[in-house]
Colleague: 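Submitted below is the structure of interest, expressed as structure tokens.
The model shown is predicted, which means the values in this text are computed figures rather than measured ones. Every number for a ligand or one of its atoms is a count from 1 in the order of the listing.
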Amino acid sequence: MTAVVPDFTTEAVAEAERWTAHNYHPLPVVVADAEGAWVTDVDGRRYLDCLAGYSALNFGHRHPALIGAAREQLDRVTLTSRAFLHDQFGPFCRELAKLTGMDLVLPMNTGAEAVETAIKVARKWGYRAKGVPDGQATIVVAENNFHGRTTTIISFSTDPDARRDFGPYTPGFKVVPYGDLAAMAAAIDDTTVAVLVEPIQGEAGVLVPPADYLPGIRRLCTERNVLMIADEVQSGLGRTGATFACEHEGVKPDMYVLGKALGGGVVPVSAVASSQAVLGLLRPGEHGSTFGGNPLACAVGRAVIALLETGEYQQRARELGERLHEGLRALVGHGVTAVRGRGLWAGVDIDPDLMTGRQACERLAERGILAKDTHGSTIRLAPPLVVTPEEIDMVVAAIAGILRG
Ligand SMILES: *Cc1c(COP(=O)(O)O)cnc(C)c1O
């Protein structure tokens, strides 16, 4: 950064670097408070948050309905463990089952835990319902996937940074190119219990697959008696202009994996939702989580579902997404080489001859826009769905500005 860096920021960055494992490389911005689409740093500078907690903040920072639900619950009960029930649990599961159009819900905390849950349940379904020989279950996944950071999940990552030095890896996964139905068809055999995919690959650079891809997977899974698991942790809950990204293609998976925005940016809340035939197989003691489905999580999750039921946020993502993409497309050939995405979600490839994605994000931060690079020269934009049309125009103008130099 060329600007003079004020004291509080310098100190706070130095302290974090001194005392934290360096598993992230954050921009030197130290947030002190936030509201809606905006954050304010320790030196009083304001930034438009165009990452939105990797889509955990779809409804913006501190949405009044979500903070209200959390406050109310904080005054009643916050944790029971699953050893007992509480009065938010049944309603949350019912409301999420209705939102997803599924029979049953299993709440967890983080996205990775929900993915792990989906893997375990799919394997169990394979042995109990499909008749796969014990220990033989396989799951087909896509190249450049991002499903989380646990040992099993990184076992089928194709990102060397995510895998290196963390073996031995969990077996039972087959990786095929994303968007390639023929490769997926060829990978499915009698041991296949599930296909696990992101409807849009976020970390990979907001890659939107060909229009026939998700319907093709749906067809293959139905024909070959395989579960279609859609990891909508990032693509789901309004981001793309629909409640679920699968809806754009008219596809209903056998299982949804949800997280991020389900906790409204207040608490970690994740879940899988599926049919009685799949989730109904679990018995007491076979899977669980101390914090999964806790009262605070369920209260906030219910408020998130209520916001989604209005349809307002999906509509904003559709309409403002069009404005964002139109603005970004006009930059192609002017320092931008490609733009992808759907709704209020965009991957913008900056001409690598001009700057890296990291440099682009540093320059955007100087102009009051927070975004995050991914894979070299791509920047990812996912502003909260509460942004205004004027703020979208600001983002596009700021990107045009850094490209002009
Ligand atoms: C973020 C993400 C996860 C993992 O979620 P965590 O809460 O970080 O564990 C899983 N799948 C997708 C698609 C994600 O974007």
Colleague: Look at atom 9 (O) of ligand 1 and say which protein heavy atom is nearest, naming residue and atom and giving the distance to 0.1 Å.
Modeller: A112 N, 2.8 Å
Colleague: With the threshold set strictly below 4.0 angstrom, can you tell me whether any protein non-hydrogen atom sits that near atom 15 (O) of ligand 1?
Modeller: yes
Colleague: Is atom CG of N225 surrounded by more than 12 heavy atoms (other residues, nucleotides or ligands) closer than 6.0 Å?
Modeller: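 Check passes, neighbour count above 12.
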Colleague: Hey, would you say the Y213 and Y178 ring centroids sit under 6.0 Å apart?
Modeller: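 Here the rings of Y178 and Y213 have centres that are less than 6.0 Å from each other.
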Colleague: Any N or O on G111 sitting closer than 3.5 Å to an N or O of ligand 1?
Modeller: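 Yes - when backbone and side-chain N and O of G111 are compared with those of ligand 1, one distance drops under 3.5 Å.
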Colleague: Under 4.0 Å, heavy atoms only, figure out whether ligand 1 is touched by the backbone of F146, its side chain, both or neither.
Modeller: both
Colleague: Would you say Y47 and V31 make side-chain contact, with heavy atoms under 4.5 Å?
Modeller: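 A side-chain contact is absent here, since even the closest heavy-atom pair is not under 4.5 Å.
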Colleague: Side chain, backbone, both or neither: which part of T110 has a heavy atom under 4.0 Å from ligand 1?
Modeller: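 T110 to ligand 1: contacts from backbone and side chain alike.
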Colleague: Considering only heavy atoms from C-beta outward, does the side chain of V267 approach that of N109 to under 4.5 Å?
Modeller: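 Of all side-chain heavy-atom pairs linking N109 with V267, none is under 4.5 Å.
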Colleague: Got the closest protein heavy atom to atom 11 (N) of ligand 1, with its distance?
Modeller: D231 OD2, 2.7 Å
Colleague: Answer with side chain, backbone, both or neither: which part of E198 has a heavy atom less than 4.0 angstrom from an atom of ligand 1?
Modeller: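 The answer is the side chain.
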Colleague: Is there a nitrogen or oxygen of K260 sitting under 3.5 Å from a nitrogen or oxygen of ligand 1?
Modeller: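 Such a contact does occur with ligand 1.
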Colleague: Quick one about S55 and Q234 (side-chain donor to acceptor, distance below 3.5 Å, no hydrogens or angles considered), yes or no?
Modeller: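 No pair is found: no donor N or O on one side chain lies under 3.5 Å from an acceptor on the other.
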Colleague: A side-chain contact here means heavy atoms from C-beta on lying under 4.5 Å apart; do P64 and I67 qualify?
Modeller: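 They are not in side-chain contact.
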Colleague: Less than 4.5 Å apart, any side-chain heavy atom of V257 and any of E232?
Modeller: no
Colleague: Test of understanding: given a 4.0 Å heavy-atom threshold, classify the contact between E113 and ligand 1 as side chain, backbone, both, or neither.
Modeller: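 None of E113 does.
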Colleague: Could you tell me whether some N/O pair between V233 and ligand 1 is separated by less than 3.5 angstrom?
Modeller: no
